[in-house]
Amino acid sequence: MRHRMRRWAPALIVLSPSLLLLAVFVYGLIGWTVNLSLQDKHNARPAAGYVGPDNYTNLFTDDINDRFVHSLKNLGIFTVVFIGGAMLLGVLWAVLLERGVRGEGFFRAVYLFPMAVSFVASGVVWRWLMNAGTGDNAGGLNAVFNGLGLGFLENRWWTDPDWGMAAMAVPAIWQLAGYVMALFLAGFRGIPTELREAALMDGCSTFQLYRHVLFPQLTPVALSALIITGHMSMKMFDLIMSVSGPQYLTEVPAVYVWQTLLTNDQAKAAAISILLLIAVALVIVPYLIHVNRVEKRS
Amino acid sequence: MSTELTAAASRPDTTPATRPTRRDHRSAARVGAAAARTLRYAVLVGFVVVVLMPMYVLVVTSFKSGSEIGVTGQWNLPEHWTLASWTKAWDRLGESFFRTFSLAIPVAVVSSFIGAANGFVLSRWRLPAADVFFTLILFGMFIPYQAVMIPLGEVVSWLGVPKGIWTLILVHIIYGIPICTLIFRNYYATTVPLELIEASSIDGAGLVRTFRSVILPLSIPGFVVTIIWQFTSAWNDYLFAIFLSNTRNGPITIALNALAGAQSPDYAASMAGALITSLPTLVVYILLGRWFIGGLMAGSVKG
């Protein structure tokens, strides 16, 4: 007993600064934000104390121009286009590279490099590329589409009410599709070679090999790729701020929090952030539990 | 799953597990193996062009002069190459460029050491409830920072830390603990055998001694991953920066946004600025990219 205690006591001492810091700066501050979200705290008017869930319900009922609901819709569009695009490209790249292609390292490095660039810097160039005129005056992406004879794809991009939010997903896909590729490549490399050989021995075609043998093995990878991209999508702030600025048209909850804070309405900003946190937790917590269970079993 | 991912991280550029086998060729022969291969390379090269296109525009635009900057002709090379926009961007960004190093380097080093110690204790030291502690730490990785941002500002001013680089160093170290712990935990779990720790313990070494003499010398690949990861995320961060600093004392993303986010921005200078801002992380990526890729796989939430 003494001996065991001696063993775990120093371990706890190593962990305790981290645990303490995270207890205060993650759990404590979240509690503080929840507390704030239940009050009426706006710098411009005297505090009215606790108001219960009003700040939350107001977001859905009394919000000016339904801004919150609008930002949720935007986030929905962005998430679907971003995840769809990043997954499609990422899986395609991984399939093209997984069997060992000459120059694999080069292709992999190129597809991944946008991830090393900050969202703010990539926002600068995408803003420029998607800010181009139309028709004879076309530039940027529109010029490319015209040049390829795809003039019908020409668009006003992020300033178009119908396409603005989907357009915002283009730079996000550019930056993160390579990440999805990296996940799937690791997944492919984790599949035992014998499995593939056995399937080919049984005379299965390349298509059947992927459809019935390899892809089913990658379900856990696909799940984590979905979770990670979904999680990135919900938190997306820098990119949207640097492509379009704080515009109503392309506003998402993560940006709305910041805008609300600028008007000094801390309680309302707190309520939006807590809703955002709940949404993220609904995705992440079940996943963490699942991963823990799988790890215990193995 | 995590095991495979970190294994990939520790030896990032191993040769692929499978090469096309004879039987592959037999089934592919129906379509024409050569044609299939050519098509595959054509598609791969096509995507290289697409992915690099924005970089091309960044570079050529940054060398153009004011009159050449227009909506049309974005894809053309400059008629008169000029460094004017680079000079202008450097005037606006130079100071924050160096300031950001003084942010990103300490963050990378300190959070890596904390992560290494935590990861060791959680994976290779028999600690009851290690899973619970680990999950509590890991959750910090996923929270949207907006959910802590408002009170964080108050805590920072209560602690008396002046807003700016110092605040950002503290904040990035704290919120970097989860990812660094995760990477090292997975790394040690796959590369350091438990017997090694047992042996060291039988020799009478305590935790600190074991960590210093047995674990740290084995940790270099893990450190490369966390240092790249933390350097890049501290360098590229914008959200903490916008809350906890300003254009005069903040990191380079803030300065770049001030340069590029104006109502009618100077596009050539913005492009030069974006390149200056991206240079350090791109250099890190080019020099250490093989580990960066491994790190992405390891950092992927335990696969």
Side-chain angles (χ1 to χ4, degrees), chain A residues 8 10-11 14-15 18 21-22 25-26 29-30 32-33 96 99-100 107 109-113 116-118 120-121 124-125 128-129 132-133 137 139-140 179 182-183 186 189-190 193 196 200 205-206 220 224 228 231 235 237-238 242 245 254 257 266 269-270 273-274 276-277 280 284 288 291, chain B residues 1 4-5 8 16-20 23 27 40 44 48 51 54 57-58 71-72 74-75 114 117-118 121 125 127-128 133 135 137 140 142-144 146-148 150-152 174 177 207 232 236 238-239 253 256-257 260-261 267 270 274 277-278 281-282 285 289 293 296-297 300-303:
Chain A
W8 61 256
V14 169
L15 281 184
S18 302
L21 283 173
L22 293 175
F25 284 92
V26 173
L29 293 190
I30 288 173
W32 189 332
T33 308
L96 287 171
R99 281 198 298 172
F107 291 116
V110 170
Y111 298 157
L112 252 172
F113 100 91
V117 178
S118 68
V120 179
V124 169
V125 64
W128 179 226
L129 286 176
N137 201 22
Y179 185 42
L183 294 179
R189 300 284 143 84
T193 329
R196 185 194 301 254
L200 290 170
S205 73
T206 312
S224 52
I228 295 164
H231 168 252
K235 296 208 286 192
F237 173 80
D238 331 21
S242 60
V257 172
Q266 289 113 326
S273 0
I274 292 302
L276 194 60
L277 175 72
V280 169
I284 289 297
L288 286 183
V291 170
Chain B
M1 200 63 239
E4 280 124 17
L5 291 185
T18 36
R19 295 276 176 196
R23 278 162 206 287
S27 58
R40 185 194 300 172
L44 285 168
V48 167
V51 171
V57 172
L58 263 179
V71 164
T72 51
Q74 278 180 344
W75 301 98
I114 298 177
N118 287 348
V121 160
W125 201 262
L127 176 71
F133 290 130
T135 310
I137 292 176
F142 299 104
I143 57 159
Q146 282 89 349
V148 292
I150 304 163
L152 186 62
I174 295 172
I177 291 174
L207 186 147
T232 313
N236 288 344
Y238 181 67
L239 182 57
T253 45
L256 174 63
N257 200 58
Y267 277 110
S270 308
T277 308
S278 311
T281 50
L282 284 179
Y285 173 74
I293 292 167
L296 292 180
M297 293 171 175
S300 62
V301 208
K302 316 205 285 174

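Predicted model only: the values in this text are computed from it and were never measured.
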Next on the checklist: If I measure from the heavy atoms of chain A, does B/Leu44 come under 4.5 Å with its side chain, its backbone, both, or neither?
Outcome noted: both

Checklist entry - Given that the side chain runs from C-beta out, which part of B/Ile177 has a heavy atom under 4.5 Å from chain A: side chain, backbone, both or neither? => result side chain

Checklist outcome for this item: Residue set satisfying side-chain hydrogen bond (donor to acceptor under 3.5 Å, both in side chains) with B/Asn257, at least two apart, ordered chain then number -> B/Tyr238

Next on the checklist: If we ignore hydrogens and angles and just use 3.5 Å, is the side chain of A/Thr33 paired with the main-chain N or O of B/Ala147 as donor and acceptor?
Outcome noted: yes

Item to check | Contacting moiety of B/Ile137, where chain A heavy atoms sit under 4.5 Å | outcome: both

Checklist entry - Tell me, side chain or backbone of A/Val257 under 4.5 Å from chain B's heavy atoms, or both, or neither? => result side chain

Next on the checklist: Counting heavy-atom pairs under 4.5 Å with chain A, which one of B/Leu127, B/Thr277, B/Ile150, B/Leu58 comes out on top?
Outcome noted: B/Ile150

Checklist entry - Any idea how A/His231 and B/Phe142 line up, ring-wise: parallel (<30°), tilted (30 to 60°), or perpendicular (>60°)? => result perpendicular

Checklist outcome for this item: Turns out that what part of A/Val280 lies under 4.5 Å from chain B's heavy atoms comes down to side chain

Next on the checklist: Please identify, among A/Ile274, A/Val26, A/Leu96, A/Leu276, the residue contributing the most non-hydrogen atom pairs under 4.5 Å to chain B.
Outcome noted: A/Leu96

Item to check | Which atoms of B/Ser278 approach chain A - backbone, side chain, both or neither, heavy atom under 4.5 Å | outcome: side chain

Checklist outcome for this item: Okay, B/Ile114 and chain A: the region with an atom under 4.5 Å from a heavy atom over there is side chain

Checklist entry - Ignoring hydrogens and geometry, is there a side-chain-to-backbone donor-acceptor pair from B/Thr232 to B/Thr281 under 3.5 Å? => result no

Item to check | B/Gln146 side chain to A/Ser273 backbone, donor-acceptor under 3.5 Å | outcome: no

Checklist entry - So which of B/Pro144, B/Ala274, B/Ala260 has the biggest tally of heavy-atom pairs under 4.5 Å with chain A? => result B/Pro144

Item to check | With A/Tyr111 via side-chain hydrogen bond (donor to acceptor under 3.5 Å, both in side chains) - residues at least two apart | outcome: none

Item to check | For A/Ala109 against B/Tyr285, the heavy-atom pair lying closest together | outcome: O-OH, 2.5 Å

Checklist entry - Minimum heavy-atom separation for B/Thr253 to A/Val120, with atom names? => result O-CG1, 3.9 Å

Checklist outcome for this item: Whatever's closer than 4.5 Å to a heavy atom in chain B on A/Phe25 counts as both

